[in-house]
Amino acid sequence: MTVRIATWNINSVTARLPKLLEWLESAEPDVLCLQELKCSTEAFPHEAVKELGYDTAAHGTGRWNGVAILSRIGLEDVVRGLPEQPGYLADDALLADVEPRAIAATCGPARVWSVYVPNGREVDHAHYRYKLDWLESLRRAVVEDAAGARPFAVLGDFNIAPTDEDVYDVAAFAGLTHVTPPERASLGNLREAGLRDVVPRPLKYDHPYTYWDYRQLAFPKNRGMRIDLTYGNKAFADAVTDSYVDREARKGKGTSDHAPVVVDLDL
DNA sequence: ATGACTCTCATTGAGAGA
């Protein structure tokens, strides 16, 4: 069967609901992984997407983070959070917060994770150590499925540009997160576990960027980054027939600062 | 040297994003 799986950091599903519904109707993905819902599980617009034929598994707590999987080809064995997922201990907090950044489900022939990897903020910030620890817990969570025969993929906002080619100007990122060797080594560990980077094609220009800052006309100047990734196992990657970044969804007012990434497969 | 833009929860600002 042909299956279309997509991932999109939507930067508030509440603010973006009209754009989301419009995009579901035009792109017609079978499965959509969402990140940065910025709403609680209860507040997710389940009914609105159900009218378009999608079941939803959401995992959110409110203002920050939040992930979901929408599917019109089945939604089984939902898991919220990574096993052994580390929490983030903020300066003014007494307890570490295990944030809603990962959700898994089986959708028809494939099992997928929708992930929103911590930003890291700055290299000397506690959030950066948290990011690396979080990525190690992700590796442990997926190592079995990565080596398995069932089509499997981790999709989402990894907040890492895999190579220097994946940022508009590597000099502009000197000393910053998203491009450091330890972050890239975490992606290397996922590849070593058997996952492959399914690189999409750009619909315009030379690089398949997926994120452009809202400021300073970054999108029209194409000052972007490829940080929304699809890491699939052999069965998944071998079944890919096409993949592209839908930059059309980044155009105009009221859009997310990320574009959806679409993956077509013959499973 | 700094801010830029957008979102949420708040209350005319803070915090986070990357």
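Chain letters run A, B, ... following the sequence lines, proteins first, then strands; residues in each count from 1.
Across all strands shown, A/N9 has heavy atoms under 4.0 Å from sugar-phosphate atoms exclusively, and none from any base. Counting any heavy atom pair closer than 4.0 Å across all strands shown, A/Y116 reaches sugar-phosphate atoms only and no base atom. Residue A/F173 is out of contact with every strand shown, counting any heavy-atom pair closer than 4.0 Å. Nucleic acid contact for A/R16: sugar-phosphate only, since backbone atoms but no base atoms lie under 4.0 Å from a heavy atom of the residue. Residue A/D213 is classed as having no contact, given no heavy-atom separation below 4.0 Å to the nucleic acid. Contacts of A/D228 with the nucleic acid, taken as non-hydrogen atoms under 4.0 Å apart, are absent.
One atom, CG of A/L176, and another, C1' of B/dA16, lie 16 Å apart when rounded to the nearest Å. The nearest whole Å value for the distance from the OH atom in A/Y211 to the C1' atom in B/dC7 is 13 Å. A/D97 places its CG atom 17 Å from the P atom of B/dG15, with the value rounded to the nearest Å. Between the C1' atom of B/dT6 and the CG atom of A/L37 lies a distance of 17 Å, rounded to the nearest Å. Atom-to-atom, CG of A/D257 to P of B/dG17 comes out at 12 Å; the value is rounded to the nearest Å. Atom CG of A/N65 is separated from atom P of B/dG15 by 17 Å (rounded to the nearest Å). For the pair A/H258 NE2 and B/dC7 C1', the computed distance is 12 Å after rounding to whole Å. Note: CG (A/N11) to P (B/dC5) measures 15 Å, nearest angstrom.
Taking a cutoff of 4.0 Å between a charged side-chain nitrogen and a carboxylate oxygen, A/R184 and A/D164 qualify as a salt bridge. Salt-bridge formation is detected for the pair A/D55/A/K50: a Lys NZ or Arg NE/NH1/NH2 atom is positioned less than 4.0 Å from an Asp or Glu carboxylate oxygen.
More than 12 heavy atoms of other residues, nucleotides or ligands sit less than 6.0 Å from atom CD of A/E136. Open room surrounds NZ on A/K234; 12 or fewer heavy atoms of other groups in view lie less than 6.0 Å from it.
Between B/dC5, B/dA18, B/dT8, one nucleotide has an atom nearer to the side chain of A/Y214 than all others, and that is B/dC5. In this structure, the nucleotide among B/dG17, B/dC5, B/dG15 sitting nearest to the side chain of A/R101 is B/dG17. Nearest nucleotide to the side chain of A/H127, out of B/dT8, B/dA18, B/dG17: B/dG17.
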Exercise. Based on Watson-Crick and G-U pairs with both distances under 3.5 Å, what dot-bracket line describes DNA chain B 5' to 3', crossing pairs as [ ] and inter-strand pairs as |?
Worked result: ....(((((...))))).
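The cationic atom of A/R101 (NZ for Lys, CZ for Arg) lies less than 6.0 Å from the six-membered ring centre of A/Y116 and within 45° of the ring axis.
A side chain to side chain contact (heavy atoms under 4.5 Å, CB included) with A/R4 is found for exactly one of A/I73, A/V31, A/L265, A/V262, namely A/V262.
Under a hydrophobic clustering in which Ile, Leu, Val, Met, Phe, Trp and Tyr are joined whenever their side-chain heavy atoms come within less than 4.5 Å, directly or via other members, A/V261 and A/L32 fall into different clusters.
Two residues, A/G62 and A/E36, neighbour DNA chain B, and the one matched to the more 5' nucleotide by heavy-atom proximity is A/G62.
The same atom, P, is picked in B/dT2 and in B/dT11; the two are 29 Å apart, to the nearest Å.
Checking side-chain atoms of A/T210 against main-chain N and O of A/D228 turns up a donor-acceptor pair under 3.5 Å.
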